[in-house]
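Worksheet: the structure to be examined is printed underneath.
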2 protein chains.
Amino acid sequence: MTPQPAESVQKRYYQHSNKHLVAVDCIIFGFQNDVLKILLLKRKVAPLKGQWSLIGSFVNTGEHLDNAAKRILKESTGLQNVFMEQLHCFGKSDRDPGDRVISIAYTALMRLEESDESKVEAFGAKWVELKKKPDLVIDHNEMMALALKQLQRKARLYPIGFELLPKKFTLPQLLKLYQAIYQQKIDDRNFRKKILSFGILKKLEEKDKSESKKGAFYYSFDKKKYEKMIKNEGRFFLTLVK
Amino acid sequence: MTPQPAESVQKRYYQHSNKHLVAVDCIIFGFQNDVLKILLLKRKVAPLKGQWSLIGSFVNTGEHLDNAAKRILKESTGLQNVFMEQLHCFGKSDRDPGDRVISIAYTALMRLEESDESKVEAFGAKWVELKKKPDLVIDHNEMMALALKQLQRKARLYPIGFELLPKKFTLPQLLKLYQAIYQQKIDDRNFRKKILSFGILKKLEEKDKSESKKGAFYYSFDKKKYEKMIKNEGRFFLTLVK
DNA sequence: TCAAAAGTGTTCAAGTTACACCCATGT
DNA sequence: ACATGGGTGTAACTTGAACACTTTTGA
């Protein structure tokens, strides 16, 4: 019933234990034009075929979980080199009406460019504004909610802009990112002061004139200082949000 | 090869997907006599039989993951009514030399009384001082390290004493708990000030005279205020530790 | 010249840190 | 009377919160 090809020279113990279907679901956040988006897909298999869902599929025999996540994301959307982190394992016995499936949720943050929109659409996937999220199958709404909560917590402790913004970005953009994550207004003077005080931003000569006549200076992250800060956890602490 | 008893009226989809062994491992912290302890067991099955290990076993068909954790803890140690939380899913394909096993780690905090020591020993389990932790099998050292890190993070954001201390406790005890978790000295004057400022402790009439001649007042948590504080995440923030 | 977004400083309140001595009591 | 652990207060400093106006420039 369950094919078990000889995958290695590993000996087999535990022969009498039960086996389970194990899946991975990916929650991918992207930031573009001042809005937070998430990557969704219309489900291609029964049951619940055609309904909105996260990117997900089954883990293969002998496949490292992290690699399964990468493979599944690539197969479903074409996206590669996305750094995913494990979020949580969803293990209720009746969560999936198709069968008993244990699912491990992964999250990632991406900087989104125009071209990314059409690329994933070729796979039937779509970047949807967080605020316009449709209802999702199974417990995917719950997964999304947890992922957003984790993103908010993370944004308070780490300067996450690195992952969601292009290499060059302006302070108004960074502020909008934080406001999008917290769905809340943040005082711009205090925000600038705080963010700059961490000393991880480099001001560039160039200005972005696409948003205003005056133009806003571009900044970039100082990768070395950024990584040093990440190491001593908790040095970064954004108090401007509740 | 893998028995699949009809567990419900659920239809079966996904018939061609691979199945996996799924286990749960439990990291249980206990606090007693001013030291942090963890619950360990000498492994009873091959491979690695007889070596130190966390409490763990396999998830059954159709079993809710959280329930599996409870069952496994009870079967292996007799402990019941322990509130466990999921920590992380460990999914490297070669982590267990016995076979490919995906393991979900759970953690819990317990107040430890003298009687608990002998109870678990009847099952062959043992409360071991954190500082004297032996080398553990497979990736259980890694699980432990992650659990401790999470405990430290949690202790900074929540008044966790509730779970690790007896109902009545003294401030010196609470201080020692925090020092044990962070393996670091904390200024007692500042600690008292900060902890009391949260307004979740009730001072009792009674004193504990077992530790000193003067005696230290007992306190208890005010459960209502405690739960209110938990709700607005981040109200509690212990800045005294690095 | 004006509209639209970028950029800038100060004051007040709150919280954090560092630090040393007296208290109560059992033996 | 003394040894042991319990308990307390303050001053200097750092950080956070609230808040309004000037600058630049393309149209």
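Everything numeric here is computed off the predicted structure, so don't read it as measured data. Proteins come first, then strands; the chains are lettered A, B, ... in the order of their sequence lines, and each starts at number 1. Side chains included, hydrogens not; waters and symmetry mates left out as well; all remaining heavy atoms used.
- Ring centroid separation for the pair A:F198 and A:Y226 does not come in under the 6.0 Å cut-off.
- Between the CG atom of A:D208 and the C1' atom of D:dT25 there is a distance of 14 Å, rounded to whole Å.
- Other residues, nucleotides and ligands contribute only 12 or fewer heavy atoms inside 6.0 Å of the NZ atom of A:K92.
- Note: CZ (A:F217) to C1' (D:dT25) measures 13 Å, nearest angstrom.
- Mapping B:K193 and B:K176 onto DNA chain D via the closest heavy atom, the residue that lands nearer the 5' end is B:K176.
- Computed from coordinates, the B:I195 CD1 to C:dT16 C1' distance equals 15 Å when rounded to whole Å.
- The minimum heavy-atom distance linking B:Y182 with B:R156 is given by the pair OH-N, 3.2 Å.
- For B:K176, the NZ atom counts as densely surrounded, since its 6.0 Å shell holds more than 12 non-hydrogen atoms of other residues, nucleotides or ligands.
- Where A:S212 and B:S212 each meet DNA chain C at their nearest nucleotide, the meeting point lying more 5' is that of A:S212.
- In this structure, A:Q184 places its CD atom 13 Å from C1' of D:dA17, rounding to the nearest Å.
- Between the base of C:dA24 and the side chain of B:K214 there is no donor-acceptor pair shorter than 3.5 Å.
- Distance NZ (B:K194) to C1' (C:dT17): 12 Å, rounded to an integer number of Å.
- For B:L196 and C:dG15, the CG to P distance is 15 Å, given to the nearest whole Å.
- What separates NZ of A:K185 from P of D:dC19 is a distance of 13 Å, to the nearest Å.
- Where A:K213 and A:L171 each meet DNA chain C at their nearest nucleotide, the meeting point lying more 5' is that of A:K213.
- Taking only side-chain nitrogens and oxygens, A:R192 comes nearer than 4.0 Å to OP1 or OP2 of C:dG7.
- Of the candidate nucleotides C:dC19, D:dG6, D:dA20, C:dC19 has the atom lying nearest to any side-chain atom of B:D187.
- Between B:R189 atom CZ and C:dC22 atom P there is a gap of 13 Å when expressed in whole angstrom units.
- Closest approach to the B:K209 side chain among D:dC19, C:dG26, C:dA6 is made by C:dG26 (side chain taken as heavy atoms from C-beta onward).
- More than 12 heavy atoms of other residues, nucleotides or ligands lie within 6.0 Å of NZ in B:K44, so this atom counts as buried by the packing criterion.
- For a distance-only test at 3.5 Å, the side chain of B:N190 qualifies as a donor-acceptor partner of the base of C:dA18.
- For C:dA6, the base has no donor-acceptor partner in the side chain of A:D188 [N/O atoms by modelled type, under 3.5 angstrom].
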